[in-house]
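Here the structure comes first, spelled out in structure tokens, and everything after it is commentary.
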Amino acid sequence: MYTVPLPRIGTDIAWRDAAKRLISAGVSPDDVLWDFGAEMGELFATATPLPPPTRRIKAPQSFVQMADTVIWHKDPQRFGRLYALLWRLRHEQGLMQDRADPQLAKLRQMEKGVHRCKHKMKAFVRFRDLRQGGDRRSFAAWFEPTHHTVEPTAPFFARRFADMDWMIATPDVTAQFVDGNLSFHPGQPKPDLPEDAAEALWGTYFCNIFNPARLKVQAMTSQMPKKYWKNLPEAAHIRSLIEGAEAKVQEMRDNAPTLPPVRAERITKRLRGDED
Amino acid sequence: MAKLDLSQKLAILSDAARYDASCASSGTTRRDSRDGKGLGSTEGSGICHAYAPDGRCISLLKILMTNFCIYDCAYCINRVSSNVQRARFSVDEVVQLTIEFYRRNYIEGLFLSSGIIQSPDTTMSDMLRIAKRLREVENFRGYIHLKTIPDAAPELIEQAGLYADRLSINVELPTDNSVKAYAPEKNPATIRKAMDDVKTRKAIAAEKSYTGKRGKRFVPAGQSTQMIVGADGSTDATILGQSTRLYGDYKLKRVYYSAFSPIPDATVKLPLIKPPLVREHRLYQADWLLRFYGFGVEEITAARPDGNLDLDVDPKLAWALQNRALFPMDVNKASKDMLLRVPGFGTRTVGRILSTRRHRSLRYEDLLRMGASLKKARAFITARDWTPGALTDSAKLRAKFAPPPEQLSFF
């Protein structure tokens, strides 16, 4: 029996390294216990060190890509499930193309969940200006992801916001980008971030780009689920926008058509001059 | 009139921009700012940073440079004869808003449109100054969509294409006659000419010169347009016919359909109807069938004699109900083209069926497991352990999917 401790930061590399060693030594999935965040501690710790990597392991590229994503799922069984599939892949060629295989289908479903979570993180992180002065501006955000998505998503922010310093704090892992260097640290409670005047402008935009004549609340919530609202400054306006929508449309209807402003006639005449 | 502050201008000029449906930020070149000398990135797929309660995605800062306008288009809130409050952003204000919103991760970039002030050339030049400042002074590498002014000089449009990821010119209404009636200052021929110029210029930029070098990127995310639905009397067949021509003739990336929606200070020329949202939705579904599912316009619009789409059921289901003799289809044998015609099956499901049936003979449960939606499809397919029996030809099949009649009064 092997107990494999997996660190909270760098889980992907640790899992892949262990899986390679175990597979090459022919260790069955039933003989492996995956210990995420080393939470089991001494209780289950075994003296058995992992077998050395003896030979190159071949796994389909599609598996490697899927594993790189599923690893960040919150389901504690993800490591075991991935290893069990890798075990089967030794002898079942073409398994990755079989969308109806129950084990693979489950992993694909988890993969989809992580993809979605990464995507929502790219969309819904909201930075606040820390106004610290200095050469580079610095920003910080508080975010609560569904899965362990900070590490795989942080490089996106590094590619995008390379000319500023930033921090994304989460209860799980905190990412920091300072002077072009990305680093990860343990999660933390919600920090006190300074007020940012840009949020009011953003709220103004959110309220005015909304068309009250096309109220479709469910279309909004299916893409922007309520669990994200508490960390989105614009979400504070949603309720009043919905409640006021019908009255606004009614007002447009009730208002009698107005007379065109005086300048209108002059401008239109000039524009259509050659025709009239 | 008191001077407007930035927040008041933003309110007026985003309110004025909300009738443009497009908010896409996808499909452009891959860029990033890892060199530390600029701001922003684009990585293929777009990102919707928020959703408004109208269900629409907010990906870009979508604003007008100004809502002053010398044109008098009946459907437009900014027409010269409207008494809507007017405002104008300075170049600096648009640049600052874009950059500051972007840095806080609110947006993917800017969608800049404008009313026509003084002349089309003046308006286009002012918009260009904003795009140029963003790209060359701020080193902004995010997404820029510019609404081009069709009557502007071709060299201005050409410059716009070098700064922008996407250009768009709205055809506004489905037929030339409707444009004449409701947008008298606009000329459909000029609009088409401008779209043709963009297409040609893009093709030239894509060619390699004799040295093997490529020209400067020109609107990498292509061009799009928008048609207002429900303001004039055009049928869906007319609208979809027009879209097909636009996709074909000008290589458009997207045609957007915008349900005509009540505007403040409306003109007497157009009734303030409830926006035909279901119709708009059905048009988008039909548009998809035309582009990705191998359907022809005639097939989709043949179901009803009046040339309009069925509002109660989606266009693929409507087609299948009319052509039941072709069903049920065997998921283990049917060709890709035919599988794409099964109601409820999307391109992804079809891809999965094709790859999986090399490994096993598919059962009903297998289809569920690969994420296929069978609510509609089950009546139109057979699988190893599934046959719809009399369901396919049942007279009640349509009623199973169409909403009960009393709900119709809602629209």
Side-chain angles (χ1 to χ4, degrees), chain A residues 94 97-100 102 105 119 122-129 137 139 141 156 158-164 180 196 198 200-202 204-206 208-211 213-220 223-224 232 234 238 241-242 245 249 252-253 255 257-258 260-261 263-264 267-268 271-272, chain B residues 6-7 10-11 14-15 17-19 32-41 43 47-55 57-58 61-62 70 72 80-83 97 100-101 103-106 184-185 259 261-268 272 275 277 352 355-356 358-360 362 366 369-370:
Chain A
Q97 280 79 53
D98 184 357
R99 298 290 313 211
H119 192 73
K122 291 175 188 175
F124 297 152
V125 160
R126 297 283 181 264
F127 285 119
R128 280 185 170 184
D129 192 348
R137 293 178 63 182
F139 291 81
F156 162 83
R159 291 191 293 275
R160 172 161 290 197
F161 300 111
D163 73 342
M164 62 192 221
D196 188 331
L201 280 173
W202 172 237
T204 301
Y205 177 67
F206 184 78
N208 285 281
I209 203 69
F210 162 63
N211 184 348
R214 311 177 44 112
L215 201 59
K216 270 180 159 177
V217 178
Q218 221 230 305
M220 168 187 66
Q223 296 296 334
M224 197 168 80
L232 292 169
E234 65 272 28
I238 291 174
L241 288 179
I242 295 173
V249 177
M252 289 183 216
R253 236 177 244 136
N255 284 343
T258 54
R263 67 169 187 283
I267 293 171
T268 306
L271 272 179
R272 298 178 193 173
Chain B
L6 184 61
S7 174
L10 179 61
S14 49
D15 193 288
R18 69 184 177 206
Y19 303 97
D32 62 49
S33 53
R34 253 179 299 191
D35 59 8
K37 292 174 189 152
L39 171 70
S41 62
E43 308 197 339
I47 298 172
C48 295
H49 284 274
Y51 286 81
D54 51 18
C57 144
I58 300 175
L61 171 63
K62 185 161 41 174
I70 55 176
D72 199 27
V80 68
S81 60
S82 146
N83 284 291
L97 273 175
E100 293 306 314
F101 277 12
R103 285 199 183 281
R104 286 159 180 82
N105 203 40
Y106 300 161
E185 281 81 26
S261 143
I263 49 170
D265 197 31
T267 159
V268 276
L272 285 190
L277 296 182
R352 286 172 189 175
S355 109
T356 304
R358 273 183 246 134
H359 298 271
R360 56 176 82 210
L362 297 171
D366 295 329
R369 214 177 281 128
M370 61 178 78

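Residue numbers start from 1 in every chain, and the chains themselves are labelled A, B, ... in the order their sequence lines are given, proteins ahead of strands. Note that the structure is a prediction, hence the values are computed from the model and not measured.
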Leading residue by heavy atom contact count with chain B [cutoff under 4.5 Å; candidates Ala123(A), Ala198(A), Gly94(A)]: Ala123(A)
Chain A contact via Arg360(B) - which portion, at a heavy-atom distance below 4.5 Å: side chain
Any Phe139(A) side-chain heavy atom under 4.5 Å of Phe161(A) side chain: no
Selection from Thr267(B), Asp35(B), Ile263(B), Leu6(B) maximising heavy-atom pairs under 4.5 Å formed with chain A: Ile263(B)
ring-ring contact (aromatic ring centres under 6.0 Å, His included) against Phe156(A), all qualifying residues, sequence neighbours excluded: none
Most chain A-contacting option - heavy-atom pairs closer than 4.5 Å, from Pro53(B), Ser82(B), Ser355(B), Gly40(B): Pro53(B)
Check: Arg272(A) and Pro184(B) side chains under 4.5 Å, non-hydrogen atoms: yes
Selection from Asp98(A), Leu215(A), Val217(A), Ile242(A) maximising heavy-atom pairs under 4.5 Å formed with chain B: Asp98(A)
Toward chain A, the part of Phe101(B) with a non-hydrogen atom under 4.5 Å: side chain
Atom group of Asn255(A) that falls short of 4.5 Å from chain B, counting heavy atoms: neither
Nearest-0.5 Å distance, CZ of residue Phe124(A) to CG of residue Asn105(B): 10.5 Å
Interatomic distance, Leu10(B) atom CG to Tyr205(A) atom OH [nearest 0.5 angstrom]: 8.5 Å
Part of Ala266(B) lying under 4.5 Å from any heavy atom of chain A: backbone
Among the listed options Leu97(B), Ile58(B), Asp72(B), Val268(B), the residue most often paired with chain A at heavy-atom distances under 4.5 Å: Ile58(B)
Interchain contact, Gln97(A) with chain B, by part (heavy-atom threshold 4.5 Å): both
Pick from Leu232(A), Thr204(A), Ile209(A) with the largest number of heavy-atom pairs that fall under 4.5 Å of chain B: Ile209(A)
Part of His49(B) lying under 4.5 Å from any heavy atom of chain A: both
Flag side-chain contact, heavy atom, 4.5 Å: Tyr106(B) against Arg126(A): yes
Closest contact, heavy atoms only, Asp196(A) versus Phe127(A): OD2-O, 4.3 Å
Pair Asp366(B), Thr356(B): side-chain N/O donor-acceptor within cut-off below 3.5 Å: no
Side chains of Ile238(A) and Met220(A) in contact at under 4.5 Å (non-hydrogen atoms): yes
Option in Arg104(B), Arg34(B), Glu43(B), Lys37(B) with maximal non-hydrogen atom pairs under 4.5 Å from chain A: Arg104(B)
Most contacts with chain B, counted as non-hydrogen pairs under 4.5 angstrom, among Glu234(A), Met164(A), Arg263(A): Met164(A)
Validation row: Ser33(B), Ser41(B) side chains within 4.5 angstrom (heavy atoms): no
Point-to-point distance, once rounded to the nearest 0.5 Å, from OG1 of Thr258(A) to CG of Asn83(B): 4.0 Å
Leading residue by heavy atom contact count with chain B [cutoff under 4.5 Å; candidates Val249(A), Val125(A), Asp129(A)]: Val125(A)
Options Ala17(B), Ala50(B), Ser261(B), ranked by heavy-atom pairs under 4.5 Å with chain A, top entry: Ala50(B)
Listed partners of Arg103(B) passing salt bridge (Lys or Arg N to Asp or Glu O under 4.0 Å), at least two apart: Asp163(A)
Residue selection (most heavy-atom pairs with chain B, distance under 4.5 Å) from Arg253(A), Arg159(A), Arg160(A): Arg160(A)
Top contributor to chain A interface from Met370(B), Arg358(B), Arg369(B), Lys62(B) [non-hydrogen pairs under 4.5 Å]: Arg369(B)
Part of Ile267(A) lying under 4.5 Å from any heavy atom of chain B: side chain
Toward chain B, the part of Leu241(A) with a non-hydrogen atom under 4.5 Å: side chain
